[in-house]
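Structure, as structure tokens:
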Amino acid sequence: MSSFDEMDAFEGASLSARAMAARPSRYLNDLNPAQREAVETLDGPLLILAGAGTGKTKALMARVAHLITMQRARHDQILAVTFTNKAAREMQQRLARTPFEINGPVRWMGTFHSISAKLLRRHAELAGLKSNFTILDTDDQIRLLKQLIRAANIDDKRWPARQLAGIIDGWKNRALTPSKVPAADAGAYNQRGAELYAQYQARLRELNAVDFGDLLLHVVTIFQAHPDVLEQYQRWFKYILVDEYQDTNVAQYMWLRLLAASHKNICCVGDDDQSIYGWRGAEVGNILRFEKDFPGAHVVRLEQNYRSTPHILAAASGVIDGNKGRLGKTLWTEAQDGEKVRLIGHWDGEEEARWIGEEIEAMQKGTRGMRSVSLDEMAILVRASHQMRAFEDRFLTIGLPYRVIGGPRFYERLEIRDAMAYFRCVVSPDDDLAFERIVNTPKRGLGDKAQQTIQATARANGVSLIDGAALAIEQGLLKGKGAKELGKLVVDLARWGRMAGDDDLTHMELAEIILDESGYTGMWQNDKTPEAPGRLENLKELVKALENFDNLQGFLEHVSLIMDNETDDGGAKVSIMTLHAAKGLEFPAVFLPGWEDGLFPSQRSMDESGVKGLEEERRLAYVGITRAEEICTISFAANRRVFGQWQSALPSRFIDELPEEHVDVLTPPGLYGGGYGAAGMGGSSGIEQRAADANVYNSPGWRRLQERSAQRPVSQPRETRNTVIDLQAVSSFETGERVFHQKFGYGSIIGIEGDKLEIAFEKAGTKKVVASYISAADDIPF
DNA sequence: GATCTGTTCGCGGGG
DNA sequence: CGAACAGATC
């Protein structure tokens, strides 16, 4: 195995003198006793139960340093697995900052998926694949399933492809290949789930492609079927570290057990209270079972919290106490005082966003009676990504800089996906899905009929679509302009493929050649729509992004596994993200909006998984609160737009679980029944009692609210208020005026219709936008 | 074969 | 309300 030669080359290398000279004390000194125990217990199975904010990553990094210093393993013999890319990146950065010379990169540090991809490329043939296989994303997966579903004569309206994808993912998470699907699951997807799963796997193999689940599944299957391969890795990875162990699913668990089976030098860090990925197959049981699976396992508890104030910690504990069957940890802190968790109710989601926007500005200015807080130190954590929109809209209006983490991603844009489909066709010619995507983009005069002919020819000859297309032309099945254009495309793809091996050509140049010669760039240049310039801009960015990679293939792999866009102009911004994405992060000030029953806890979660689902939602609440260092603000709205329709909701049941003595209710009692925050809120929520507490009137929040009320009377009906605002917005603009829009840039007004302005933007073309998004050009809100 | 228009359905989270 | 899709129309 040539891949192993590379590894073996390291076998003889000795540790550098510098690494040997490093003294452990440098990184052990500032650890507390529990952390130190976690670091110094090097051999055998170790479970670190690390509560939120207890210095888990710090301990893990010290452990890596210690393993290397004590010469138990070299930097590249340590396998460090995380769950998310963010966690992996964080570790890499922390390790780089560790005051310790590690003598080389910890190469095997990454997510389960990225490490699996690396392993699978080395042994692809054992899974019936070629090493240049494509990693399909969810979109591709659904499209492929849809094709199979239609071929099987199933009505994909009644039995959506998404549903089947979910079922198959579930099986893969449990490490079940098609032949191992249990009889109990036979009824899945109208009795035909297992059958379609088998077809899907066969089709993936034909396409030389894998989906995310396959990355894990294939590796586990290979390890099971080829003990010799497994043994090589067991010997190579002398020590295994696993972060967020509570989130591992069955497949990942098997993956780890196989690798750790011989030496059992496995160290898992986790917190059962932060298990929030049950929906994708994570088994809290894995962490609860650790001591059984690895007899003689050492367990260390990290319980001293260095992150949050006592009030925040107490509030989080109060909520999580509602869960049964916890391993149980008692977080404590030496920190004193601090502000209570703040709670406020709003009339609707827009009001909530407006209030949070104002709060953020106040905190930034330091008018909150404390130091001024930078935008970088604030975050808004939502349950579902669609909640982000209200904040984006509001922040665009008031010109508050924000960044969305894990939101609509660069690599999911149409033009980027198209461009990457071209690259995929060049790198792996069997990738039919990519070919389908680009065969008639730009338009080559190949409609449904022509594409069906290509499909049929390919299938009849058992070849890929590209080869099928070539055959169809040869056999004269296609005629005219379409045939000519298609012939050119096929020849070009092959030619670009050869150029990929050309050393005189960088892959950036190749990418540009592909996009230009295919006519893809030209297509957007000729496009008159206002989006076109932006898309060309994005394509340029794409090519620029290639610089960081050795070749197109490496880039494609990165994209399919990472998919996030880290371009940032460096200015301070408020972060907006989901609660799931926030795990592992911390912020001085955290806002937790949308605490309404049905939204959070999510109705769907409770319907699907009952008490288990509710407990997972509760852990999510716990994760949310414990992200906060100094100020945690929870809010809820009585009314919210769902699918364009107004719906009212009760405050979240989790709000009742917040211990009263650690909460500061900002909603003034006088407003109850006044139509401001009362509608739809149950009297049993406990809010009223708390609000009636006399000290509420003296709280900073209450005073602030009074001040605000003076500026804008809260008793005024909402409709009136809105009308006033809209009129102000409209009346302040005139035709011909030069204005600015956060997204579209500068432009001038060419028409006014009610609250909508028609504006000719200098860069983005003519658009109709709502007046509230616009500011006068000389009044840019920054 | 491309483009336009109307209809439907959905928004839980990530690799 | 918006995206995705299907069918109708050019």
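What's counted below: heavy atoms across the whole structure, side chains too, no hydrogens, waters or symmetry copies. In what follows, chains carry the letters A, B, and so on, assigned in the order in which the sequence lines appear, proteins first and then strands, with residues in each chain numbered from 1.
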Plane angle bin for [Y] and [X] - parallel if under 30°, tilted between 30 and 60°, otherwise perpendicular:
{"X": "A/His558", "Y": "A/Phe549", "value": "tilted"}
{"X": "A/Trp524", "Y": "A/Tyr520", "value": "perpendicular"}
{"X": "A/Phe237", "Y": "A/Trp108", "value": "perpendicular"}

N/O (side chain, [X]) to phosphate O (OP1/OP2, [N]) under 4.0 Å:
{"X": "A/Arg162", "N": "B/dC11", "answer": "yes"}
{"X": "A/Ser385", "N": "B/dG13", "answer": "yes"}
{"X": "A/Asn440", "N": "B/dA2", "answer": "yes"}

Quick check for you: among [options], whose closest atom lies nearest to any side-chain atom of [X]?
{"X": "A/Thr578", "options": "B/dG14, B/dC11, B/dG15", "answer": "B/dG14"}
{"X": "A/His113", "options": "B/dG10, B/dG14, B/dG15", "answer": "B/dG15"}
{"X": "A/Lys443", "options": "B/dT3, B/dG13, B/dC11", "answer": "B/dT3"}
{"X": "A/Phe212", "options": "B/dG13, B/dG10, B/dG15", "answer": "B/dG15"}
{"X": "A/Ala581", "options": "B/dC11, B/dG15, B/dG14", "answer": "B/dG14"}

Task: DNA chain B contacts made by residues 276-283 of chain A, counting heavy atoms under 4.0 Å - done: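 Only A/Tyr277, A/Trp279, A/Arg280 qualify.
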
Open item on the list: If you define the side chain from C-beta out and look only at heavy atoms, does anything of A/His218 sit under 4.5 Å from A/Phe133?
Closed with: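 In short, these two side chains do not touch, never coming nearer than 4.5 Å.
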
Students often get this wrong, so: under 4.0 angstrom with heavy atoms, is [X] touching a base, only sugar-phosphate, or nothing?
{"X": "A/Phe112", "result": "nothing"}
{"X": "A/Thr111", "result": "sugar-phosphate"}
{"X": "A/Gln252", "result": "nothing"}
{"X": "A/Gln451", "result": "nothing"}
{"X": "A/Gly213", "result": "base"}
{"X": "A/Ser114", "result": "nothing"}

Any donor-acceptor pair under 3.5 Å linking the side-chain atoms of [Y] with those of [X]?
{"X": "A/Asn132", "Y": "A/Asn208", "value": "yes"}
{"X": "A/Asn286", "Y": "A/Thr248", "value": "yes"}
{"X": "A/Gln246", "Y": "A/Asp273", "value": "no"}

Rounded distance in Å - [atom1] ([X]) to [atom2] ([N]):
{"X": "A/Phe643", "N": "B/dT7", "atom1": "CZ", "atom2": "C1'", "value": "16 Å"}
{"X": "A/Gln387", "N": "B/dG13", "atom1": "CD", "atom2": "P", "value": "9 Å"}
{"X": "A/Arg383", "N": "B/dG13", "atom1": "CZ", "atom2": "P", "value": "7 Å"}
{"X": "A/Arg158", "N": "B/dT8", "atom1": "CZ", "atom2": "P", "value": "18 Å"}
{"X": "A/Leu585", "N": "B/dG13", "atom1": "CG", "atom2": "C1'", "value": "15 Å"}
{"X": "A/Arg641", "N": "B/dG10", "atom1": "CZ", "atom2": "C1'", "value": "16 Å"}
{"X": "A/Arg619", "N": "B/dG13", "atom1": "CZ", "atom2": "P", "value": "18 Å"}
{"X": "A/Met388", "N": "B/dG13", "atom1": "CE", "atom2": "P", "value": "8 Å"}

- [ ] Classify every nucleotide of nucleotides 2-10 of chain C by which part a protein heavy atom approaches to under 4.0 Å, writing B for the base, S for the sugar-phosphate alone and - for neither, in 5'-to-3' order.
- [x] S--SS----

Task: A/Asp140 bridged to A/Arg417 by N-O distance under 4.0 Å - done: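 A salt bridge is present here (some side-chain N lies under 4.0 Å from a carboxylate O).
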
Task: A/Trp255-A/Tyr253 aromatic ring centre distance below 6.0 Å - done: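 They do not qualify: ring centres at least 6.0 Å apart.
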
Open item on the list: Does A/Arg162, at its CZ atom, have more than 12 non-hydrogen atoms belonging to other residues, nucleotides or ligands within less than 6.0 Å?
Closed with: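 Counting other residues, nucleotides and ligands, CZ of A/Arg162 stays at 12 neighbours or fewer.
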
- [ ] Give me the one residue out of A/Glu596, A/Glu350, A/His346 that meets side-chain hydrogen bond (donor to acceptor under 3.5 Å, both in side chains) with A/Arg640.
- [x]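 Single side-chain hydrogen bond (donor to acceptor under 3.5 Å, both in side chains) partner of A/Arg640 among A/Glu596, A/Glu350, A/His346: A/Glu596.
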
TODO: By nearest nucleotide on DNA chain B, pick out whichever of A/Glu616 and A/Lys449 is the more 5' one.
DONE: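 Looking at the nearest nucleotide for each, A/Lys449 comes out on the 5' side.
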
Open item on the list: Between C/dA6 and B/dC11, how far apart are the two C1' atoms, rounded to whole Å?
Closed with: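 Between the two C1' atoms, the distance is 23 Å.
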
